[in-house]
> 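I'd like to ask you about the structure that follows.
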Amino acid sequence: MKSKLIALSLFLSLFLSSCDAVDDLLTFNISNEASIQIKSTSPINLPTEIIMPDVTTNSSAEFENNKTKASLVKDVKLRSLQLSITDPADKTFTFLKSVHLYISTTDSDEVELAYQDNIMSTTNKIDLICTDKKLDQYIKAEKYKIRTQVTLKEALPKDVTVKVDMTFKVTADPF
């Protein structure tokens, strides 16, 4: 009886670890970037909407490079989202109180992608807190929209351009 219990335990641990190994083989990252411009005329302490041009995905090529296709993708989550000030080069995020980013497509409802409140950064880069929303339908689409909501805590003497770097974790089925 004891040997059957040990054999069963060994079998289950091998089975579960092999499932994780298969998932690891079928998991890869897709990176996209976009740019937003925060206008110097934005009001202080009031949320301001910034609509960016559509982000064209390179998903089909990424799926093909990773030996899969959109129909086999089973899970997409945002792994990281970083904002970097590109202009003016010496500007830091001290002016920003909060930021929320949302994603949508023409066929899908808008969901929150990432956010940061009570920003106290004195650098020109910040990492946002990623939501755990399932993003399959957005990444499989040819393009998606990013809407940004910012709240400033001080006036801007000139417009600020911010680069948005997004990394999505993609897991696909083997067949």
Side-chain angles (χ1 to χ4, degrees), residues 1-37 47 49-86 93 98-117 119 121 125-150 161-175:
M1 179 69 176
K2 196 174 191 181
S3 62
K4 286 182 183 179
L5 197 56
I6 291 172
L8 180 63
S9 296
L10 192 61
F11 172 75
L12 284 175
S13 66
L14 281 172
F15 177 74
L16 292 175
S17 66
S18 67
C19 288
D20 288 344
V22 169
D23 269 357
D24 287 346
L25 289 173
L26 300 170
T27 299
F28 55 95
N29 292 328
I30 292 180
S31 296
N32 282 330
E33 69 177 48
S35 186
I36 59 174
Q37 189 169 56
E49 303 288 322
I50 303 170
I51 307 291
M52 294 190 280
D54 288 353
V55 177
T56 302
T57 66
N58 55 351
S59 301
S60 297
E62 290 284 347
F63 295 155
E64 193 174 310
N65 289 342
N66 286 283
K67 305 195 181 357
T68 192
K69 52 188 172 184
S71 62
L72 296 176
V73 170
K74 68 176 183 178
D75 191 35
V76 178
K77 301 263 174 121
L78 184 64
R79 176 173 266 174
S80 67
L81 194 147
Q82 184 179 67
L83 303 180
S84 309
I85 298 174
T86 57
F93 279 107
S98 70
V99 60
H100 291 254
L101 277 83
Y102 303 87
I103 188 170
S104 65
T105 67
T106 53
D107 299 328
S108 303
D109 292 337
E110 181 179 81
V111 296
E112 189 168 26
L113 198 58
Y115 65 94
Q116 188 69 265
D117 291 316
I119 297 170
S121 179
K125 290 184 182 190
I126 57 172
D127 292 313
L128 301 190
I129 299 165
C130 301
T131 64
D132 64 348
K133 303 282 190 218
K134 192 171 173 144
L135 303 170
D136 307 17
Q137 59 196 359
Y138 304 95
I139 299 306
K140 290 179 185 180
E142 287 184 26
K143 56 187 173 182
Y144 55 82
K145 292 184 186 308
I146 298 286
R147 181 177 65 88
T148 306
Q149 184 180 60
V150 297
T161 304
V162 178
K163 184 172 92 169
V164 180
D165 288 309
M166 301 168 275
T167 303
F168 299 92
K169 178 183 169 188
V170 179
T171 304
D173 279 330
F175 35 78

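Starting from 1, each residue takes its place in the sequence as its number. The model shown is predicted, which means the values in this text are computed figures rather than measured ones.
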> Could you walk me through whether Thr148 and Tyr102 satisfy the side-chain contact (heavy atoms from CB on, under 4.5 Å) test, starting with their C-alpha distance in whole Å, then the side-chain angles of each, then the deciding distance to 0.1 Å, before giving a yes or no?
CA-CA 6 Å; Thr148 306; Tyr102 303 87; over 6 Å; no
> For the CD1 atom of Ile103 and the CD1 atom of Ile146, what is their distance to the nearest 0.5 Å?
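Ile103 CD1 to Ile146 CD1: 4.5 Å, rounded to 0.5 Å.
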> Output the distance between atom CD (Glu33) and atom OG1 (Thr167), rounded to the nearest 0.5 Å.
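Here the rounded value is 10.5 Å.
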> Would you please name every residue forming a side chain to side chain donor-acceptor pair (under 3.5 Å) with Asn65, sequence neighbours left out?
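In terms of side chain to side chain donor-acceptor pair (under 3.5 Å), with neighbours along the sequence ignored, Asn65 is linked to no residue.
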> Please list, chain by chain and in numerical order, all residues satisfying side-chain contact (heavy atoms from CB on, under 4.5 Å) with Ala114, sequence neighbours excluded.
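With neighbours one apart ignored, the set is Leu78, Leu81, Leu128.
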> Under 3.5 Å, is there a donor-acceptor pair linking the side chains of Thr27 and Thr171?
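Note: Thr27 and Thr171 side chains meet the donor-acceptor criterion.
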> Given side chains that start at C-beta, do those of Arg79 and Asn29 come closer than 4.5 Å, heavy atoms only?
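Arg79 reaches Asn29 side chain to side chain.
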> Report the residues that fulfil side chain to side chain donor-acceptor pair (under 3.5 Å) with Ser98, sequence neighbours left out, ordered by chain and then residue number.
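For Ser98, the residues satisfying side chain to side chain donor-acceptor pair (under 3.5 Å) (neighbours in sequence not counted) are Thr151.
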> side-chain contact (heavy atoms from CB on, under 4.5 Å) with Thr57: which residues, sequence neighbours excluded?
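Counting only residues at least two positions away or on another chain, Thr57 forms a side-chain contact (heavy atoms from CB on, under 4.5 Å) with Asn32, Ser59, Tyr144.
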> Do Leu26 and Thr68 touch side chain to side chain, with heavy atoms closer than 4.5 Å?
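SC-SC contact between Leu26 and Thr68 ruled out.
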> Using 0.5 Å steps for rounding, measure from the CD1 atom of Ile36 to the CD1 atom of Ile51.
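Between atom CD1 of Ile36 and atom CD1 of Ile51 there are 11.0 Å.
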> Going by the rule side-chain contact (heavy atoms from CB on, under 4.5 Å), which residues pair with Ser104 if we only count those two or more places apart in sequence or in a different chain?
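Partners of Ser104 under the side-chain contact (heavy atoms from CB on, under 4.5 Å) test: Glu110, Lys145.
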> Who are the side-chain contact (heavy atoms from CB on, under 4.5 Å) partners of Ile129, not counting sequence neighbours?
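side-chain contact (heavy atoms from CB on, under 4.5 Å) check on Ile129 returns Tyr115, Gln116.
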> Other residues, nucleotides and ligands only: do more than 12 of their heavy atoms fall within 6.0 Å of CG on Asp109?
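Not buried by this count: 12 neighbours or fewer within 6.0 Å.
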> Could you grab the distance from atom OG of Ser60 to atom CD of Glu62, nearest 0.5 Å is fine?
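Going from the OG atom of Ser60 to the CD atom of Glu62 covers 10.0 Å.
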> Compare every heavy atom of Val76 with every heavy atom of Phe168, then report the nearest pair and how far apart it is.
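Closest heavy-atom pair between Phe168 and Val76: CB-CG1, 4.0 Å.
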> What's the shortest heavy-atom distance between Cys130 and Ser80, and which atoms?
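That would be SG-CA, 3.7 Å.
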> Would you list the pairs meeting side chain to side chain donor-acceptor pair (under 3.5 Å) in which at least one residue belongs to residues 127-143, sequence neighbours left out?
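Residue pairs with at least one partner in residues 127-143: Gln82-Asp127.
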> With a 4.5 Å heavy-atom cut-off, do Phe63 and Ile30 have their side chains touching?
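A side-chain contact exists here, since the closest heavy-atom pair is under 4.5 Å.
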> Strictly by salt bridge (Lys or Arg N to Asp or Glu O under 4.0 Å), give each pair with a member in residues 165-175 just once, sequence neighbours left out.
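Found Lys74-Asp173, Lys163-Asp165.
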> Sequence neighbours excluded, which residues qualify as side chain to side chain donor-acceptor pair (under 3.5 Å) partners of Ser121?
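Scan of Ser121 (side chain to side chain donor-acceptor pair (under 3.5 Å), adjacent residues dropped) gives Thr123.
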> List in chain and number order the residues that pass side chain to side chain donor-acceptor pair (under 3.5 Å) with Thr105, two or more places apart in sequence or in another chain; answer none if no residue qualifies.
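Thr105 satisfies side chain to side chain donor-acceptor pair (under 3.5 Å) with Ser108 once adjacent residues are dropped.
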> Would you indicate whether the side-chain heavy atoms of His100 and Glu112 approach each other to under 4.5 Å?
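With C-beta onward as the side chain, the pair touches.
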> Are any non-hydrogen side-chain atoms of Val99 and Ile119 less than 4.5 angstrom apart?
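Side-chain contact under 4.5 Å: yes.
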